[in-house]
Amino acid sequence: MSNKLSDNFGYLFEDELINEISKIGTLKLFSSNEIIIEIDDYIKSMPLLLSGAVKILREDEKGEELVLYYLEKGDTCAMTLSCCMGQTKSKIRAVAETDTELILLPKEKMAEWLGTYKSWQSYILQSYHFRMDELLEAVDTIAFLKMDERLFKYLKDKAMVNNNDILTTTHKEISEDLHTSRVVISRLLKKLENESKIKLYRNSIKVLAL
DNA sequence: ACATTAAGTGATT
DNA sequence: AATCACTTAATGT
């Protein structure tokens with residue numbers, strides 16, 4: 001575990017902190033599509049991502065979803081940061097996009113290390129900053145981009161976090177992630193295919209223009 | 001062969 | 001961009 005740790009966090013944290021993380025943290029594996037954090041879960045530990053990708057979703061009263069952003073290796077979740085500080089429940093859902101390895105740290109430690117490790121403190125603050133940026137980007141995408149642009153961005157993002165230009169999903173799943181209807185997605189995908197940006201198959205899509 | 005699920009299409013709001 | 005109604009195509013039993 002400590003070699004995986006140094007691979008992903010070695011350039012951020014001093015050896016001493018890496019050691020402490022590997023001593024205290026527990027390694028957990030999630031397979032693709034497994035739910036890591038559910039809405040209203042109490043969060044008792046914070047995750048550090050070693051490999052894979054995690055999709056962060058918001059859900060409305062009707063159970064309709066909306067993808068906010070993806071976390072990749074070296075990232076942590078801003079929601080848990082705020083949850084670990086207070087006693088709030090999670091307001092988002094985290095689903096493993098690919099097979100994912102992460103380290104869980106007890107929340108007491110994360111507060112404690114803020115005082116003891118400078119590198120930890122800057123990591124936490126930077127993470128907040130990055131997540132905030134990503135959230136703003138998500139807002140911009142929803143507010144200012146048309147559906148076809150949103151869709152293409154979604155496909156590119158998904159291809160990137162999966163390290164694969166062939167995406168295995170259905171039009172229905174995409175429409176749920178983007179909070180729209182399947183028919184709209186089918187039509188826009190068809191349009192993107194005509195523009196030679198993607199190629200459509202049953203249950204999969206190949207992204208051409210990366 | 002039949003049922004189910006994914007995807008395509010025209011028309012309407 | 002959403003919804004409806006319907007068709008076509010692929011896949012599972």
Side-chain angles (χ1 to χ4, degrees), chain A residues 28-41 47 49 51-73 75 77-79 82 89-102 129-210:
Chain A
K28 269 213 111 188
L29 301 177
F30 291 91
S31 44
S32 183
N33 290 320
E34 236 187 295
I35 292 175
I36 298 172
I37 295 170
E38 185 53 274
I39 293 165
D40 284 350
D41 272 3
L49 254 145
S51 71
V54 179
K55 183 163 74 176
I56 306 297
L57 311 159
R58 195 90 166 89
E59 193 183 71
D60 69 10
E61 323 78 48
K62 295 216 153 57
E64 310 269 314
E65 299 182 334
L66 177 65
V67 171
L68 293 179
Y69 52 79
Y70 290 97
L71 298 177
E72 293 176 89
K73 65 173 189 298
D75 289 340
C77 176
M79 194 70 234
S82 51
K89 295 186 272 188
S90 179
K91 294 188 170 107
I92 50 90
R93 174 181 300 140
V95 184
E97 170 75 17
T98 62
D99 290 354
T100 298
E101 292 176 292
L102 49 82
H129 177 233
F130 283 149
R131 269 352 110 207
M132 175 69 89
D133 275 359
E134 273 178 319
L135 212 52
L136 286 177
E137 194 186 323
V139 171
D140 285 351
T141 303
I142 295 159
F144 304 134
L145 293 187
K146 292 186 192 135
M147 202 61 214
D148 56 344
E149 295 170 296
R150 272 182 70 192
L151 173 61
F152 192 50
K153 182 181 187 305
Y154 169 87
L155 295 174
K156 283 191 290 187
D157 282 353
K158 202 176 168 80
M160 200 180 304
V161 298
N162 281 286
N163 280 316
N164 195 164
D165 56 352
I166 296 171
L167 307 173
T168 315
T169 64
T170 62
H171 299 185
K172 184 163 165 290
E173 281 174 18
I174 297 172
S175 70
E176 284 164 2
D177 279 356
L178 295 181
H179 200 183
T180 178
S181 69
R182 195 228 90 216
V183 195
V184 170
I185 294 299
S186 292
R187 289 205 165 106
L188 293 174
L189 283 173
K190 197 83 213 165
K191 210 177 90 191
L192 288 172
E193 188 180 37
N194 288 332
E195 294 166 3
S196 313
K197 290 182 176 167
I198 57 170
K199 188 104 184 72
L200 297 174
Y201 308 91
R202 182 175 232 250
N203 286 313
S204 66
I205 296 166
K206 180 167 186 174
V207 183
L208 300 173
L210 282 173

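By convention in this document, chain letters (A, B, ...) are assigned in the order of the sequence lines, proteins followed by strands, and residues within each chain are numbered from 1. Values below: every heavy atom of this structure, side chains too, minus hydrogens, waters and symmetry copies. Computed from a predicted structure; not experimentally measured.
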Between CZ on residue A:Arg93 and CD1 on residue A:Ile39, distance to nearest 0.5 Å: 4.5 Å

message: For chain A and DNA chain C, what are the first and last nucleotides along the strand, 5' to 3', with at least one atom under 4.0 angstrom from a heavy atom of the protein chain?
response: C:dA1 to C:dT11

Take atom [atom1] of [X] and atom [atom2] of [N], then tell me their distance rounded to the nearest Å.
X        : N     : atom1 : atom2 : answer
A:Lys190 : B:dT9 : NZ    : C1'   : 11 Å
A:Ile174 : B:dG8 : CD1   : P     : 11 Å
A:Ile185 : B:dG8 : CD1   : P     : 12 Å
A:Leu189 : B:dA6 : CG    : P     : 15 Å
A:Leu151 : B:dA7 : CG    : P     : 13 Å

- line: Pairs under 3.5 Å (Watson-Crick or G-U), crossing ones as [ ], inter-strand ones as |: DNA chain C comes out as |||||||||||||

- request: Give a yes/no on whether any side-chain N or O of A:His171 is located under 4.0 angstrom from OP1 or OP2 of B:dT5.
  value: no

message: By nearest heavy atom, map A:Asn203 and A:Val184 onto DNA chain C; which one lands nearer the 5' end?
response: A:Val184

message: Nearest to the side chain of A:Arg202, heavy atoms from C-beta on, is which of B:dT5, B:dG10, B:dG8?
response: B:dT5

- request: Looking only at side-chain atoms of A:Leu200, point me to the closest of B:dG8, B:dA6, B:dG10.
  value: B:dG8

Sugar-phosphate only, base, or nothing, as touched by A:Ser181 at under 4.0 Å among non-hydrogen atoms: base

query: Between A:Asp40 and A:Lys91, is there a salt bridge with N-O shorter than 4.0 Å?
result: no

task: Check whether any side-chain N or O of A:Ser32 sits under 3.5 Å from a backbone N or O of A:Glu97 as a donor-acceptor pair, and report yes or no.
output: yes

